[in-house]
Amino acid sequence: MKEFWFHMESYIRSGGGVMIPILGVSFIMWMLIINRVYVMRKLFIRNIPRQEAGTLVKENRMPHKKYQGVNSLLVREFLSKRTGNREFDGYILDETVIRLIASMDRYLALIGVLSGVAPLLGLLGTVVGMMATFDVITIYGTGNARAMAGGISVALITTQTGLLVSIPGLYMSGFLTRRAGNLKQRIAGTAMYLRRFL
């Protein structure tokens, strides 16, 4: 394990100062991805069927606490604000649906931006590394390969790290966007079904 951390430290040092923002972007992006995966997974599992959701709304009963899915969340939030007036309840249901649908997109745009920023930071590292290489060439000429290797190392490592952060981030951004779209459709479909029980 010590050897692994030693190699990681030397890898980060080889990439220079640009590695710190790249790793910072990676850390924030993966914290947001883990948060969204956990929340969306919870909304998919332990769900109640639409028919049961309609029965609960009709009888004005809250779903059991063990149900944490998207249908039970919709029913729970609607019943907590229900007035008993059919017209007002329709507005309350619409407002609840809009709020839940908006919450499905939370952090997704930021995840997409962070996964797009990572390769640009890698490109910045490439430019910094090449500038360092040209500085060495200006002073020593092309005869000092060891001095030139430092700048080229910075250029290649930062580019590689930026891409390694970006590619899985873009994949997860697309995956989470599809999951959010699926959840939005479930919320909208359940809300349309619940209207008959107001």
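Nothing fancy with the numbering, it's 1 onward along the sequence. Just so it is clear, the structure is predicted and the values come from calculations on it, not from any experiment.
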I'd like to know if D89 pairs up with K81 as an ion pair, taking the criterion as any Lys NZ or Arg NE/NH1/NH2 lying under 4.0 Å from an Asp or Glu carboxylate oxygen.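 No, no charged N to carboxylate O under 4.0 Å.
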
Do NZ/NE/NH1/NH2 and the carboxylate oxygens of D105 and R36 come within less than 4.0 Å?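 Salt bridge flag = no for R36 with D105.
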
Crowded around [X] [atom1]? As in, over 12 foreign heavy atoms under 6.0 Å?
| X | atom1 | answer |
| --- | --- | --- |
| F44 | CZ | yes |
| L110 | CG | yes |
| M62 | CE | yes |

Is [Y] close to [X] at the side-chain level, that is, under 4.5 Å between some pair of heavy atoms?
| X | Y | result |
| --- | --- | --- |
| K184 | L100 | no |
| R195 | D94 | yes |
| L43 | Q68 | no |

Is [Y] reachable from [X] through a run of I, L, V, M, F, W or Y residues, each pair having side-chain heavy atoms under 4.5 Å apart?
| X | Y | value |
| --- | --- | --- |
| I28 | V165 | yes |
| M192 | I98 | no |
| L183 | F175 | yes |
| Y171 | V37 | yes |
| I152 | I157 | no |

So how far is it from [X] [atom1] to [Y] [atom2], rounded to the nearest 0.5 Å?
| X | Y | atom1 | atom2 | result |
| --- | --- | --- | --- | --- |
| I22 | S166 | CD1 | OG | 10.5 Å |
| M19 | S26 | CE | OG | 10.0 Å |
| L32 | F27 | CG | CZ | 10.0 Å |
| I34 | M172 | CD1 | CE | 9.0 Å |

Listed by chain and number, what are the ring pair (Phe, Tyr, Trp, His ring centres under 6.0 Å) partners of Y193, not counting sequence neighbours?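 In terms of ring pair (Phe, Tyr, Trp, His ring centres under 6.0 Å), with neighbours along the sequence ignored, Y193 is linked to F197.
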
Main chain of [Y], side chain of [X]: is a donor-acceptor contact present, judged purely on distance under 3.5 Å?
| X | Y | answer |
| --- | --- | --- |
| R82 | V57 | yes |
| T190 | N71 | no |
| S80 | E77 | yes |
| T177 | S173 | yes |
| T161 | T158 | no |

Given side-chain contact (heavy atoms from CB on, under 4.5 Å), test L176 with Y107 step by step and report yes or no. CA-CA 10 Å; L176 291 171; Y107 305 136; over 6 Å; no

Quick one: closest heavy-atom pair of [X] and [Y], and the distance?
| X | Y | result |
| --- | --- | --- |
| N47 | R186 | ND2-NH1, 3.7 Å |
| R41 | R179 | CA-NH2, 4.1 Å |
| I33 | G169 | CD1-CA, 4.5 Å |

Kindly determine whether I187 and M104 satisfy side-chain contact (heavy atoms from CB on, under 4.5 Å), including the steps that lead there. CA-CA 10 Å; I187 291 168; M104 295 301 115; 4.3 Å; yes

After noting the C-alpha distance and the side-chain angles of L194 and F78, does the key distance pass the side-chain contact (heavy atoms from CB on, under 4.5 Å) rule? CA-CA 10 Å; L194 292 179; F78 169 69; 5.6 Å; no

Looking at L74, T55, L56, which hits side-chain contact (heavy atoms from CB on, under 4.5 Å) with I48?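 Passing option: L56.
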
Report, one line per pair, each donor and acceptor closer than 3.5 Å where one atom sits in a side chain of residues 111-131; sequence neighbours left out.
from, atom 1, to, atom 2, distance (Å)
S115, OG, I111, O, 3.1
S115, OG, G112, O, 2.9
T126, OG1, G122, O, 3.0
T126, OG1, A155, O, 3.4
T126, OG1, T159, OG1, 2.3

For side-chain contact (heavy atoms from CB on, under 4.5 Å), just list the numbers for V39 and R106, CA-CA rounded to whole Å, side-chain angles, deciding distance to a tenth of an Å, and then say yes or no. CA-CA 11 Å; V39 168; R106 188 175 293 145; over 6 Å; no

